[in-house]
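Here's the structure we're looking at; comments come further down.
In what follows, every chain begins at residue 1, and chains take the letters A, B, ... in the order their sequences are listed. Given the structure is predicted, the values throughout are model-derived calculations rather than measurements.
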There are 2 protein chains.
Amino acid sequence: MGLTKTYMFTTKQNDLAKIAKVLAHPARVAILEYISKQDACICTDLVDIIGLSQPTISQHLNEIKKIGLLKGTFEGKNLCYCIDQERWEELQQTFHLFFSNINRNCC
Amino acid sequence: MGLTKTYMFTTKQNDLAKIAKVLAHPARVAILEYISKQDACICTDLVDIIGLSQPTISQHLNEIKKIGLLKGTFEGKNLCYCIDQERWEELQQTFHLFFSNINRNCC
DNA sequence: TTTTAATATTGCAATATTACGATGATATGT
DNA sequence: ACATATCATCGTAATATTGCAATATTAAAA
């Protein structure tokens with residue numbers, strides 16, 4: 001059916017899945033890598049860097065924005081944005097916690 | 001087009017995306033959480049625990065298996081498997097590295 | 001050997017994602 | 001005001017994902 005049954009799962013599980021979904025495309029990984037390694041805000045040039053069309057990049061950026069990973073100005077001709085560091089560290093923590101919970105006694 | 005242009009990205013970027021894709025569904029998050037918290041191997045009962053149909057669970061398990069997160073016996077009537085701890089820690093490290101690379105001078 | 005219980009596979013319908021051309025909106029420069 | 005540059009949105013085509021009923025496979029039990 002293509003429709004995820006989110007109501008069957010906890011908020012935490014759905015949240016992690018939602019974040020993971022954003023990272024589940026190499027273009028978005030590449031975009032995040034690029035932005036997070038910049039010394040300043042991003043204005044343009046992502047289309048050239050990544051190599052996908054401008055509408056496609058715009059859509060990917062929007063997905064990233066949706067989980068709150070970008071901050072800055074999003075109006076006008078030239079954008080100016082960067083990683084929201086606080087949110088970034090929050091997500092880092094989310095993944096850290098997920099991977100930390102594991103028992104050892106196993107086959 | 002629905003077709004990700006993987007050839008435009010690095011192996012690392014594609015790998016991270018592939019792993020994230022597995023975590024990008026709450027059922028698979030729930031399954032992983034459950035298995036990783038068990039004291040012993042899993043045999044059955046996932047269908048009851050998660051609440052999706054048996055074929056659906058089977059498919060989700062297969063996605064998890066594909067990225068090497070499960071080890072154990074996968075033949076016969078009763079399976080017996082658990083988290084592959086080595087691979088688990090490898091993925092943990094992958095995400096850790098991804099989230100560690102961030103510059104501070106920003107807007 | 002037949003039955004039974006557990007898991008896998010197949011086939012399909014519904015929905016989601018990816019990508020881009022065309023177009024629209026917005027701000028800056030001339 | 002007009003052109004230009006930059007980014008967003010719309011529409012659409014191709015492909016992927018999700019979920020389950022039906023069926024197949026497998027190994028152990030009777």
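You'll find that the side chain of B/L52 is closest to D/dC20, out of D/dC20, C/dA8, D/dT9. Nearest to the side-chain atoms of A/S58 among the listed nucleotides D/dG19, D/dA8, C/dA19 stands D/dA8. When each of C/dT7, D/dA22, C/dC20 is scored by its nearest atom to the side-chain atoms of B/P55, the top-ranked nucleotide is D/dA22. Side chain of A/S53, nearest nucleotide from C/dT18, C/dC20, D/dC20: C/dC20. Here D/dA16 is the nucleotide among D/dA16, C/dT7, C/dC20 with the atom lying nearest to any side-chain atom of B/K21.
Atom-to-atom, CD1 of A/I64 to P of C/dT18 comes out at 11 Å; the value is rounded to the nearest Å. What separates CG of B/L3 from C1' of D/dA13 is a distance of 12 Å, to the nearest Å. The interatomic distance linking A/I31 (CD1) with C/dT18 (P) rounds to 11 Å, in whole Å. If you take CG of A/L46 and P of D/dT6, they are 13 Å apart, rounded to a whole angstrom. Distance CD (A/E63) to C1' (D/dC7): 16 Å, rounded to an integer number of Å. Atom CD1 in B/I50 sits roughly 16 Å away from atom C1' in C/dT7 (whole-Å rounding). Distance, A/K18 NZ to D/dT17 P: 20 Å, rounded to whole Å. Atom CG in A/L61 sits roughly 14 Å away from atom P in C/dC20 (whole-Å rounding).
B/T4 comes within contact range of the sugar-phosphate backbone alone, with a heavy-atom separation under 4.0 Å but no base atom that close.
Scanning all heavy atoms of the two residues, the minimum distance from B/K18 to B/I67 falls at O-CG2, 4.4 Å. Considering every non-hydrogen atom in both B/M8 and A/G51, the closest pair reads CE-O, 2.9 Å.
At a cut-off of 3.5 angstrom, the base of C/dA6 holds no donor-acceptor pair with the side chain of B/Q54. A donor N or O paired with an acceptor N or O is found under 3.5 Å between the base of C/dA19 and the side-chain atoms of A/Q59.
Heavy-atom neighbours of A/K65 NZ from other residues, nucleotides or ligands within 6.0 Å: above the threshold of 12.
The nearest heavy atom of DNA chain C to B/V47 and to A/T56 marks one nucleotide each, and the one closer to the 5' end goes with B/V47. Each of B/K65 and B/K5 has a nearest nucleotide on DNA chain C; the 5'-most of these lies closest to B/K65.
Two residues are said to be in side-chain contact when any heavy atoms from C-beta on lie closer than 4.5 Å; B/L61 and B/L46 meet this criterion.
Listed pair B/H60 / D/dT17 fails the phosphate criterion, with no side-chain N or O lying under 4.0 Å from OP1 or OP2.
A/T10 and A/Q13 share a donor-acceptor pair across their side chains, judged by distance under 3.5 Å alone.
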